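Below is one structure, written out as structure tokens, with a few remarks after it.
Since the model is a prediction, treat every value here as computed from it, not as a measurement. Count residues from 1 along the sequence.
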Amino acid sequence: MKKVIFAILFVGWFLSASATLLTNVYGRDYRLLNGRWDAIVDLYDQGERMKIFENRKPEGNTDFYEYSFDGGLRLEVPGDWNSQNPELKYYEGTVWYARPFEATKQAGKRTILYFGAVSYRAEVYLNGKKIGSHEGGFTPFQIDVTDDLAADGKNFLVVGVNNRRTVDAIPALAFDWWNYGGITRDVMLVDVPETHIEDYFVRLDKSKPDVIDIDVKMSKPLAGIPVKIEIPALKKQFEGTTDASGKVSGTIKAKGLRRWAPEAPVLYDVIVSGGDDRVAEEIGFRNIEVDGTKILINGEPQFMRCVSFHEEIPQRMGRATSEADATMLLSEAKALGVNMIRLAHYPQNEYTVRLAEKMGFVLWQEIPIWQGIDFKDASTLAKAKNMLTEMLNRDKNRCAVGFWGVANETKPSAERNAFLMSLLETGKAIDTSRLYTAAFDLVFFDNDRQLFTMNDSFTENLDVVAVNKYMGWYHPWPLSPAESVWDVVPDKPLIISEFGGEALYGQAGSRDVVSSWSEDYQARLYEDNLRMFDNIPNLAGVSPWILFDFRSPFRFHPTNQEGWNRKGLVSDRGQRKKAWYIMHYYYEKKRKEGLK
């Protein structure tokens, strides 16, 4: 009984801790707290007991403290500690970050401390006082620090960061990418009016080409606050006043609107005003829906020419953290010829999302419900719902996001189904203008029917079904690729969300031997899979795994892997493998077919 009570209390606490995020922090009055922070590595988790967060200094002859932020390790923020210090390459544990900053309480203003992401857990202290905590390594969180700022303006911020893998974490104990730890995205102070625009959602109706739906929420539940949405290029605006909950909704009839599409990523300046607050940004408008087995963008069928990448710069062997990093990753995707990117397996940096939108990529974003999740645990579900909510709230105004993903490679069970259904309900309570999907690795060859099929009833709840299938790598061919026919969710659009195999760049070998780890075998594997895809009648897109080789302690081969997953079309040094050219040709052919 005590365990049940604890679980209920934990879930209630966790959900209450997920405060609404400020929409579009980069369009606000903000100041970055990036740069070099002082750091202490706390291998045995003694920092809290020693009250490191108080940053005490000896004042008398008998005073001494067994820690100091001065004169020790310094780490770049944003950044991961694994790539900044050789001794921390594999470190999983606690690191205390600290830095001073100057700020005072301003009349009529609120000051928000905003973290783009901390991997994986964060305990935040300001001027010796704990002010908040967060769990989840890929989504933002914020804390109102207005009343905690020092009167003299001299503040000291400490963040205890822990990336230790645990069974109740998301992702859990085992995952096939590097467990980077640190303050991995921007940290900023955001100043807003006392009563400010907290949230807004401006998007095109799911299917109507000229109706813009609007929802605005002020920070206080006050009625009668005037709210205005302006789109100057269209000479259109909406005006209304908030209800007693501080919210207002409406529509704009936008005749002459040019819709965003991969081949024409049109964005409009949009100004949101509420009371004394004003936020400006660029927003695109597009329709995305399903018609039978087709995915429609702006009413036209689109074959999703997709690729995935991790939030990692392989050449630096570290987290991607900046707009320059986003440019590198997305430029290589553009060169491949894709119109869609699966940001696997977690929400990636806002720089990447915003730049992808400008470059014309449809995005599939997901939370890391990746194998090994404890679907019976109430606290794990609370964390997953919180992460999903934070992802949707950050990026719901980004029209490039066409798909919200709720899981990858999970096994059917009543508990799994209930868990994922709860996530779908959570997502759709926020946003129904996108398509919801999940990736499965359950396709098998039915010997009696002599075809590939899948049995998972949960697919009925999704708009689009995705499948990871590594024919020729983890699975031998039961038939030739030309004879390999699929019958998988025949009434829905199907995306091959992962396929491929590993190859060490520059390694020659037999096209017929898997263990050659050669570019030649990888190229053959790609040719075979692409031939098989012709036999999938409801195929709506493909996404090879993966664009770049990426770091993973999962991978043990001493000469061909060395801690890298070598499935990339591009090596860890940026060299394109033979399979890259095969996919490039395939995507160019698909692009031309789509123009006919």
*Does the N349 side chain pair with the main chain of A326, one donor and one acceptor, at a distance under 3.5 Å?*
no
*Look at atom NZ of K294 and say whether more than 12 heavy atoms of other residues, nucleotides or ligands are closer to it than 6.0 Å.*
no
*asked:* Can a donor-acceptor pair be found, under 3.5 Å and without considering hydrogens, that links the side chain of T389 to the backbone of K385?
replied: yes
*For residues 561-578, pull every pair meeting salt bridge (charged side-chain N to carboxylate O under 4.0 Å, His left out), keeping only residues two or more places apart or in separate chains.*
E332-R576, E502-K567, D520-K578, D549-R566, D549-K577, R566-D572
*asked:* Could you check whether Y470 and H475 have their ring centres less than 6.0 Å apart?
replied: no
*Test D210 against every option in K255, K253, R258, R259 by the salt bridge (Lys or Arg N to Asp or Glu O under 4.0 Å) rule and name the one that passes.*
K253
*According to the interplanar angle, ranging from 0 to 90°, do the rings of F445 and F452 count as parallel (below 30°), tilted (30 to 60°) or perpendicular (above 60°)?*
perpendicular
*Go through the steps to decide whether E483 and S480 satisfy the test side chain to side chain donor-acceptor pair (under 3.5 Å), and finish with yes or no.*
CA-CA 5 Å; E483 297 172 305; S480 72; 2.9 Å; yes
*For the residue pair W370 and W177, categorise the inter-ring angle as parallel (less than 30°), tilted (30 to 60°) or perpendicular (more than 60°).*
perpendicular
*Working to the nearest 0.5 Å, report the span between CG of L355 and OG of S331.*
7.5 Å
*Would you check if the distance from the ring center of H310 to the ring center of W178 is below 6.0 Å?*
no
_For the student: nearest non-hydrogen atoms of W473 and G501, plus distance_ = CD2-CA, 3.7 Å
*N-O pairing of R434 and E289 below 4.0 Å*: no
*asked:* Could you check whether any side-chain N or O of D395 sits under 3.5 Å from a backbone N or O of R398, counting only pairs where one atom can act as donor and the other as acceptor?
replied: no
*asked:* Just verifying a value: how many Å separate W260 CH2 and N287 CG, rounded to the nearest 0.5 Å?
replied: 12.0 Å
*When you check the gap from the basic side-chain N to the acidic O, do R203 and D215 get nearer than 4.0 Å?*
yes
_Are there over 12 heavy-atom neighbours, none belonging to F554, within less than 6.0 Å of that residue's CZ?_
yes
*Decide side chain to side chain donor-acceptor pair (under 3.5 Å) for Q450 and D446; before the verdict, give the C-alpha distance in whole Å, the side-chain angles of both, and the deciding distance to 0.1 Å.*
CA-CA 5 Å; Q450 288 290 290; D446 187 326; over 6 Å; no
*K396/D199 ion pair, N-O < 4.0 Å*: yes
*D528 side-chain N/O to G472 backbone N/O, donor-acceptor pair under 3.5 Å*: no
*Exercise: identify the closest heavy-atom pair between V362 and P262*: CG2-CG, 3.8 Å
*Can any side-chain N or O of S571 pair as donor or acceptor with the backbone N or O of Y505 at less than 3.5 Å?*
no
*Using a 4.5 Å cut-off on heavy atoms from C-beta on, say whether the side chain of I313 contacts that of M328.*
yes
*Less than 4.0 Å between a side-chain N and a carboxylate O, is that true for R354 and E357?*
no
*Anything under 30° is parallel, anything over 60° is perpendicular, the rest tilted; go ahead and classify Y346 against F138.*
parallel
*Could you pull out the closest heavy-atom pair between P171 and F175, with the gap in Å?*
CG-CD2, 3.6 Å
*Do the side chain of T459 and the main chain of D456 share a donor and acceptor less than 3.5 angstrom apart?*
yes
*Kindly write out the residues that satisfy salt bridge (Lys or Arg N to Asp or Glu O under 4.0 Å) with D512, not counting sequence neighbours, or none if the list is empty.*
R524
*Ion pair D534/R531, N-O distance below 4.0 Å*: yes
*Provide the closest heavy-atom pair for L569 versus W580 in the form atom of the first, atom of the second, distance.*
O-CB, 3.6 Å
*With T293, which residues qualify under side chain to side chain donor-acceptor pair (under 3.5 Å), at least two apart?*
none
_Taking the ring of W545 and the ring of F309, is the distance between their centroids below 6.0 Å?_
no
*asked:* Checking the side chain of N393 only, and the main-chain atoms of I430 only, is there a donor and an acceptor separated by less than 3.5 Å?
replied: no
*Is it true that Y26 and Y351 have ring centroids separated by less than 6.0 Å?*
yes
*Between I341 and A333, which heavy-atom pair has the shortest distance, and what is it?*
CD1-CB, 3.9 Å
*For D186 and G116, indicate whether the former's side chain and the latter's backbone hold a donor-acceptor pair under 3.5 Å.*
no
*In this structure, are over 12 heavy atoms from other groups packed under 6.0 Å from M317 atom CE?*
no
_Value rounded to 0.5 Å, distance of CD in Q84 from NZ in K89_ = 15.0 Å
*Minimum heavy-atom distance between I373 and A169, given as atom pair plus value*: CD1-O, 4.0 Å
*So, N397 side chain and Y200 main chain: donor-acceptor pair closer than 3.5 Å or not?*
yes
*asked:* With rounding to the nearest 0.5 angstrom, report the CG to CD1 distance, N339 to I297.
replied: 7.0 Å
*Aromatic rings F499 and F533: how do their planes relate, parallel, tilted or perpendicular, breaks at 30° and 60°?*
perpendicular
_salt bridge (Lys or Arg N to Asp or Glu O under 4.0 Å), that's the test. Do K492 and D463 meet it? Break it down for me._
CA-CA 7 Å; K492 289 180 180 287; D463 300 304; over 6 Å; no
*For the side chain of T437 and the backbone of V464, is there at least one donor-acceptor N/O pair under 3.5 Å apart?*
yes
_Going by salt bridge (Lys or Arg N to Asp or Glu O under 4.0 Å), name the residues that satisfy it together with E409, two or more places apart in sequence or in a different chain._
none
*Pairing of R511 and E527 as salt bridge, 4.0 angstrom limit*: yes
*Does the pair R555/D176 count as a salt bridge with the N-to-O cut at 4.0 Å?*
yes
*Residues two or more places apart in sequence or in another chain: which of them pass side chain to side chain donor-acceptor pair (under 3.5 Å) with E366?*
R342, H345, W364
*List for me each residue that meets side chain to side chain contact (heavy atoms under 4.5 Å, CB included) alongside A356, sequence neighbours excluded, and say none if there are none.*
L330, F361, L363
*asked:* Quick check on K206: does its NZ atom have over 12 non-hydrogen neighbours (other residues, nucleotides or ligands) under 6.0 Å away?
replied: yes
